[in-house]
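Reading through the structure tokens given below for one structure.
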Amino acid sequence: MRVDAAKASPLAVAPGRRAVARFLANPTTLIGIILCTLVVLSAVLAPLIAPHDPIEQNVVEQLKPPTREFPLGTDYFGRDVLSRILWGGRISLIVSLSAIAGAILVGGAIGMISGYVGGLLDTVVMRVMDVLLSFPSLILGLIVVALLGPDLANLIVAIGLTAIAPFARIARAPVLALKERAFVEAGRALGFSHLRILFVHILPNIVSEVLVMGSLWMATAVRTEASLSFIGLGVKPPTPTWGGMMRDGFENILDAPWLSIFPGIAILLLMLGLNMVGDGLRDAADPKLRTE
Amino acid sequence: MIGFVVRRLLSAVPTLVAVLTLVFVIVRIVPGDPALVILGDQATPEAVAALRGRLGLDRPLHEQYVDFLLASLAGDFGTSLVTGRSIISEVAAVLPHTLDLTGAAMVIGTILGVPAGIWAALHRNRAIDVAARMLSLLGLSFPVFVSGIFLLLLFAVHWRVFPVIGNADLSDPADRLHKLILPAITLGLVMAAYITRVTRSAMLHVLSEDFIRTARAKGVPWQVVVWKHGLRNALIPVVTVVGLYVGILIGNSVLTEIVFNRPGLGKIIVGALNQRDYTMLQGLMVIYCFLIVVVNLLTDLAYGLIDPRVKHA
């Protein structure tokens, strides 16, 4: 519809540019972008800016409250909390980005093919997706990690699995409408293969919706990773993860509250940033949804 | 209404079978031998074979599947590998604690979230609306174990208003309530944030409809328009979302139970994970499936109550 409108009036500003302008005009979005950039930069630059080694133990400095040398205090093994938070951001970002990228690829393909083929296949596939969707994602992730064993790759698989269904649904809906459109029929008349129609002609029309959804699900993936690490199913120690640090802090909650406060704030800032950017992207992509 | 209820009940059966199939597939599709996982790498091949026999893993897959389906539908969820007790009795022993927690959280989430959402919608883009939106965004950004630990630090460690450990005596209502407050608030605030958002957008959507303008035009007082015409229609998406939210609520209740050291399904899951109690994990998944299907059913029935059109659809 947007494409048609742009063609009808050549003077109109390109809809893409208008969406970008809307996205950036929203103060919440800007704060979100700043928060996410901060977290990404501190994780990427961790080897350069972390004041201490995140893993090396130093029992003399055990459970020190924040000081000049250790701005956020030290943990039970005398490790610098600030350095561990900086390094821990890497795990959060790597796991959630890979999991969501995987879920977009697998879920998107399932949804597109299911919607395009239609019929019995579509009914069965979507029923399975509904089931997957109704299952508590933390419990699903927990059981899959527990059965596969906790490591980086398995965490990505488990969290990705919990996010496949929503992407299948969001990719399927527009395909149902698009496959009836004239340009698809024209493609078929020209003898294009189904794969070419699906991936060259239909895919570009659903990319924006899927990416908006991806940004919103990034926050969910970060939360699931942190929650699994908190339960003890994250990347194995001594590798620092925010959820794992919260777990250590929780064990020393009475005598070293800083151990749980600072990683908690780190998780909160990233989640807040991602939610703000996701909201902004959704509003920008579809002004009709601005009320939400 | 009875016909509607019966139709819904019947339609839940295929869903239940589908969910159970999913559990079976997840448990079996995962690479690795469960017997080896349970016994560890150092186990002798004989011990592994014996356990495989005991778990029924040496039988053909389709037989295992049919047995699993029939047993689950008959309410037999198996026995714990570790304690040897039936999973249903292990769960029944702690279920009141989990129901207390999730029920209280739903009440808190609804009585905070619905009015806040309506209020924000009625004052769109004014200070109240902006504040409600910011607060709900903040609430959604708190993983529940983070907000739980923060609340615990404030109210139990710093001010000592509430106990750090939440193992309540079920027969003493005062004790039960006292130990419920902090965990229920933790879990309820996240839900309130969610419900506020959904109520606000549903309300804004309904208030922009033609029938609202018609009602206003023919002189219906604004209060009546909002509460009778607006809210009743806005509630339909809200109920859907509350129903869908139960999945998140269950996940969050596991984390809340760990943080507040409350007995409940969450602690059983974590215990089963640590002890590699494989049959317990599978049984718990099945019980969660039943819970989810029942909640979906209740959500459907709630539509029937709110929206008379649904009954005849």
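Letters go in sequence order (proteins before strands), and every chain restarts at 1.
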Part of residues 155-171 of chain A lying next to chain B, heavy-atom separation under 4.5 Å
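At a heavy-atom separation under 4.5 Å, chain B is reached by no residue of residues 155-171 of chain A.
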Heavy atom to heavy atom, less than 4.5 Å: which residues from residues 244-256 of chain A reach chain B?
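Met246(A), Phe250(A), Ile253(A), Leu254(A), listed by number.
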Please classify the contact between [X] and chain B as side chain, backbone, both or neither, with a heavy-atom cut-off of under 4.5 Å.
{"X": "Thr28(A)", "answer": "side chain"}
{"X": "Leu132(A)", "answer": "both"}
{"X": "Ala226(A)", "answer": "both"}
{"X": "Ile265(A)", "answer": "both"}

Can you tell me which of Asn252(B), Leu137(B), Asn274(B) forms the most heavy-atom pairs within a distance under 4.5 Å of chain A?
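Ranked by heavy-atom pairs under 4.5 Å with chain A, first place is Leu137(B).
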Among the options Val157(B), Thr21(B), Leu22(B), pick out the one with the most heavy-atom pairs lying under 4.5 Å from chain A.
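Between Val157(B), Thr21(B), Leu22(B), the count favours Leu22(B).
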Leading residue by heavy atom contact count with chain B [cutoff under 4.5 Å; candidates Leu269(A), Leu142(A), Leu274(A), Leu140(A)]
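It is Leu142(A).
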With respect to chain B, which residue among Leu138(A), Val222(A), Leu272(A) yields the maximal number of heavy-atom pairs within a distance under 4.5 Å?
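Looking at each of Leu138(A), Val222(A), Leu272(A) in turn, Leu272(A) comes out on top.
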Any chance you could lay out the side chain to side chain contact (heavy atoms under 4.5 Å, CB included) test for Gln282(B) and Ile143(A), step after step, and finish with the verdict?
CA-CA 9 Å; Gln282(B) 179 176 311; Ile143(A) 302 227; over 6 Å; no
Roughly how far apart are [X] [atom1] and [Y] [atom2], rounded to 0.5 Å?
{"X": "Ser141(B)", "Y": "Ile267(A)", "atom1": "OG", "atom2": "CD1", "value": "12.0 Å"}
{"X": "Met271(A)", "Y": "Leu138(B)", "atom1": "CE", "atom2": "CG", "value": "10.5 Å"}
{"X": "Ser260(A)", "Y": "Phe145(B)", "atom1": "OG", "atom2": "CZ", "value": "11.0 Å"}
{"X": "Phe142(B)", "Y": "Leu268(A)", "atom1": "CZ", "atom2": "CG", "value": "4.5 Å"}
{"X": "Ser227(A)", "Y": "Leu255(B)", "atom1": "OG", "atom2": "CG", "value": "4.5 Å"}

Side chain, backbone, both or neither: which part of [X] has a heavy atom under 4.5 Å from chain A?
{"X": "Val259(B)", "answer": "both"}
{"X": "Leu273(B)", "answer": "side chain"}
{"X": "Met134(B)", "answer": "side chain"}

Partner set under side-chain contact (heavy atoms from CB on, under 4.5 Å) for Trp119(B), not counting sequence neighbours:
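Partners of Trp119(B) under the side-chain contact (heavy atoms from CB on, under 4.5 Å) test: His123(B), Ile128(B).
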side-chain contact (heavy atoms from CB on, under 4.5 Å) with Ile250(B): which residues, sequence neighbours excluded?
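Listed in chain order: Pro136(A), Ile139(A), Val246(B), Tyr288(B), Leu291(B), Ile292(B).
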Phe230(A) and Val146(B), any side-chain heavy atoms less than 4.5 Å apart:
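No, side chains not in contact.
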Would you say the side chain of Ile231(A) lies within less than 4.5 Å of the side chain of Ile269(B), judging by non-hydrogen atoms?
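Side-chain contact under 4.5 Å: no.
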Please walk me through it: do Arg197(B) and Asp279(A) pass side chain to side chain contact (heavy atoms under 4.5 Å, CB included)?
CA-CA 12 Å; Arg197(B) 260 168 94 104; Asp279(A) 275 9; 3.0 Å; yes
